[in-house]
2 protein chains.
Amino acid sequence: MEEEYNLFGKCPFVTAQKIIAGKWTIVILHNLSTKTLRFGELQRLLPELKQATLTKQLRSLEEYGLVNRKVFPQVPPKVEYSLTDIGKEFKLVLDSISIWGEKYIDHIKSAEVSES
Amino acid sequence: MEEEYNLFGKCPFVTAQKIIAGKWTIVILHNLSTKTLRFGELQRLLPELKQATLTKQLRSLEEYGLVNRKVFPQVPPKVEYSLTDIGKEFKLVLDSISIWGEKYIDHIKSAEVSES
DNA sequence: CTGCATCCTTTGAGATACTG
DNA sequence: CAGTATCTCAAAGGATGCAG
């Protein structure tokens, strides 16, 4: 994972974009920002997201160091996901995205009204 | 462009993710947040980005309503890109991404040091 | 100068089936 | 319960050539 892209690790925007790229990363991080979750809980929170995809995205976030994966060696298995320190710091970005997203949605709606 | 995805226009995170999805959107928005730019200027700022790709990304951002495209009917042609109002509001997100990105880069570097 | 149309290649999401 | 492995398909980036 280390040392692969020219601007990765140089430009904060390129770096962030690369990490966020996954289709569900933001939503996953948002859910984990509230509290630690088990795999199954995450899955239930994101019904549209298939198991295999969720696994991939979590692995990706783990490799990037945003997410902790804690395996409990027991039967039935139990795996908990939580944010690392640097992952928690991402919450500020999530907050601003949330705020902007709301504004944007309002903006779209009012535009639709005046159109029709 | 209107009315296509279930959670688009509902969940601020899903909505934002969808818009940001393009590989270069964040960097493009960042560059435009400073000032209005011509097509060629943008291209020079992003040398790795191919012309066709840049066009597509700009079109996408235009459709989503974040970017204004102003065509000057003259020879040689001149096209200026700038942020719309809602596009300008995205700057808050860009700022937080920038801040987090810097932290993340530092974080990675110190981790590399302690590894080797 | 700017940018559209077309084709190619790669990426990654999604679906299905199977395991400790 | 929480994966892994594999396949398919669509999307997006990228390269090239053409046009107003």
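Predicted, not measured: the structure shown is a model, and the values here were computed from it. First the proteins, then the strands, lettered A, B, ... as listed; each starts at 1.
For the pair B:Q17 CD and D:dA12 C1', the computed distance is 15 Å after rounding to whole Å. For the pair A:Q74 CD and C:dG20 C1', the interatomic distance rounds to 14 Å; values are reported in whole Å. Taking atom CG of B:L54 as the reference point, atom P of C:dT2 lies 11 Å away to the nearest angstrom. Rounded to whole Å, the distance from CZ on A:R59 to C1' on D:dA5 is 13 Å. Separating the CD atom of B:Q51 from the C1' atom of D:dC18 is a distance of 12 Å, rounded to the nearest angstrom. Rounded to whole Å, atom P of D:dG13 lies 11 Å from atom CG of B:L61. Rounded to whole Å, atom P of D:dA12 lies 15 Å from atom CG of B:L58. Rounded to an integer number of Å, the gap from CD of B:E41 to C1' of C:dC1 is 12 Å.
Base engagement by B:P77 is indicated by at least one non-hydrogen atom pair under 4.0 Å involving a base atom. Contact annotation for A:Y81: backbone-only contact, meaning every heavy-atom pair under 4.0 Å involves sugar-phosphate atoms and none involves a base.
Using the six-membered ring where Trp is involved, B:F39 and B:Y81 have ring planes that are tilted, between 30° and 60° apart.
Between B:R38 and C:dT2 there is a side-chain polar atom (N or O) within less than 4.0 angstrom of OP1 or OP2. Neither OP1 nor OP2 of C:dT2 sits under 4.0 Å from any side-chain N or O of B:R69.
Here the options are B:V14, B:L29, B:L66, B:T25, the test is side chain to side chain contact (heavy atoms under 4.5 Å, CB included), and the partner is B:I19; only B:L66 passes.
A distance-only check finds a donor-acceptor pair linking the side chain of B:E41 to the backbone of B:R38 [under 3.5 Å]. Checking side-chain atoms of A:T15 against main-chain N and O of A:C11 turns up a donor-acceptor pair under 3.5 Å.
Ion pairing between A:E80 and A:K70 fails under the 4.0 Å rule for side-chain N and carboxylate O.
Remark: A:K18 is not positioned above the aromatic ring of A:F8, lacking an NZ or CZ atom under 6.0 angstrom from the ring centre and at most 45 degrees off the axis.
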### Task
Would you give a per-nucleotide map of nucleotides 10-15 of chain C, 5' to 3', where B means the base has a protein non-hydrogen atom under 4.0 Å away, S means only the sugar-phosphate does, and - means neither?
---BBB
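Counting only residues at least two apart or on different chains, the ring-ring contact (aromatic ring centres under 6.0 Å, His included) pairs with a member in residues 17-36 of chain A are A:H30-B:F13.
The residue among A:P76 and A:T55 whose nearest nucleotide of DNA chain D is located toward the 5' end is A:P76.
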